[in-house]
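Scroll down for the structure; my scribbles are underneath it.
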Amino acid sequence: MQNINKLLRITPWAGNSNCRAICTTSPVQGKRNFRKFLVYNKRGTRIVKLAQRTLPNPPVSIDKRGVKDTGYTTRDGKYVEVPERIPELIVPDLTDCKLKPYVSYKAPDVVQSEFTSLDLFNAVYSKKIVEDFKEKKLNEDGTSINPSSEETLTADEALLRARKTGSDLF
């Protein structure tokens, strides 16, 4: 221990500034770097905050945290609202809805195969075709004598009807 004292000259702090001492405190000595703490829109004097609100291009821009503007600022400094930019929430009326908003975790998993064109044909057309065949209401080429409204549709009309709002194809 005596050799260490001779090498480092460790002495108790007594206001003696000419000797060296080992300091175990942090080198910042009470100063902290507050730039690493992200405090948005809280810095600056009142003059800077007034400039942020009034100037069209402020020196320190306002951080909007991902919120988009609903208008624009003109050269005169006036703010013009654009009605198309205001988000509109469309919520259905669920007053007579029998369904509950909660699905239990105990509900069984529903496994359903892919709905193919054959399944669609069987669901819509096959029953009428079988009835027409049994009652012999088919022409020689296999078309129905009394076609239903679905059978008289063209390909374009069927496509438009399938893509209409309210159909199951989304």
Side-chain angles (χ1 to χ4, degrees), residues 31-170:
K31 299 177 185 175
R32 300 289 182 260
N33 184 8
F34 286 102
R35 291 180 189 219
K36 65 182 175 181
F37 300 112
L38 301 175
V39 183
Y40 297 104
N41 298 329
K42 299 293 181 187
R43 289 187 170 188
T45 61
R46 290 182 184 168
I47 298 169
V48 172
K49 290 185 182 271
L50 181 68
Q52 280 181 330
R53 282 185 267 131
T54 57
L55 294 177
N57 293 319
V60 179
S61 62
I62 298 173
D63 185 39
K64 296 181 183 171
R65 308 281 293 168
V67 178
K68 294 182 180 179
D69 285 337
T70 58
Y72 59 92
T73 307
T74 61
R75 291 186 182 185
D76 301 336
K78 296 179 183 178
Y79 188 76
V80 178
E81 286 278 337
V82 179
E84 289 84 14
R85 287 186 175 183
I86 298 172
E88 180 182 351
L89 299 176
I90 301 171
V91 181
D93 184 21
L94 300 175
T95 53
D96 297 331
C97 183
K98 296 178 183 178
L99 298 176
K100 303 292 181 187
Y102 174 75
V103 177
S104 174
Y105 286 105
K106 295 178 183 177
D109 292 336
V110 177
V111 179
Q112 185 177 355
S113 63
E114 183 180 351
F115 196 71
T116 62
S117 59
L118 179 63
D119 296 331
L120 179 64
F121 177 81
N122 290 335
V124 176
Y125 300 112
S126 64
K127 185 176 180 182
K128 172 120 177 29
I129 291 173
V130 169
E131 288 176 2
D132 286 346
F133 180 74
K134 287 181 181 177
E135 295 173 5
K136 298 184 181 177
K137 293 183 179 177
L138 296 177
N139 292 331
E140 294 176 3
D141 59 348
T143 59
S144 177
I145 297 173
N146 299 324
S148 65
S149 61
E150 288 86 11
E151 291 174 321
T152 57
L153 291 176
T154 63
D156 295 332
E157 291 173 345
L159 183 64
L160 287 175
R161 188 183 286 186
R163 294 205 173 155
K164 217 190 284 188
T165 305
S167 65
D168 292 334
L169 178 70
F170 292 106

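In what follows, residues are counted from 1 in the order of the sequence shown. Values reported hereafter were calculated over all heavy atoms of this structure, with side chains retained and with hydrogens, waters and symmetry mates removed.
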Self-check item: Chi angles and distances behind the side chain to side chain contact (heavy atoms under 4.5 Å, CB included) call for Lys134, Val130
Solution: CA-CA 6 Å; Lys134 287 181 181 177; Val130 169; 3.8 Å; yes
Self-check item: From CA spacing to verdict: side chain to side chain contact (heavy atoms under 4.5 Å, CB included), Lys49, Gln52
Solution: CA-CA 5 Å; Lys49 290 185 182 271; Gln52 280 181 330; 4.2 Å; yes
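A 6.0 Å sphere centred on CZ of Phe133 holds no more than 12 heavy atoms belonging to other residues, nucleotides or ligands. Within 6.0 Å of CG on Leu118 lie more than 12 heavy atoms contributed by other residues, nucleotides or ligands.
Closest of all the heavy-atom pairs between Ser144 and Asn139 is O-ND2, 4.0 Å. Closest approach of Arg85 to Asp69, counting heavy atoms only: CD-O, 3.8 Å. In terms of heavy-atom proximity, Glu81 sits nearest to Ile86 at OE1-CD1, 3.8 Å.
No hydrogens or angles considered: a donor-acceptor pair under 3.5 Å links the side chains of Thr143 and Asp141.
Here the straight-line distance linking atom CG of Leu159 with atom CG of Leu153 works out to 11.5 Å at 0.5 Å rounding. Taking CZ of Phe121 as the start and OG1 of Thr116 as the end, the distance is 12.0 Å to the nearest 0.5 Å. Interatomic distance, CG of Leu50 versus OG1 of Thr45, reported as 9.5 Å (0.5 Å rounding).
Qualifying side chain to side chain contact (heavy atoms under 4.5 Å, CB included) partners for Tyr72, counting only residues two or more places apart in sequence or in other chains: Thr74, Val80, Val82.
Residue pairs satisfying the salt bridge (charged side-chain N to carboxylate O under 4.0 Å, His left out) criterion with at least one member in residues 120-129, sequence neighbours excluded, are listed as follows: Lys128-Asp132, Lys128-Glu151.
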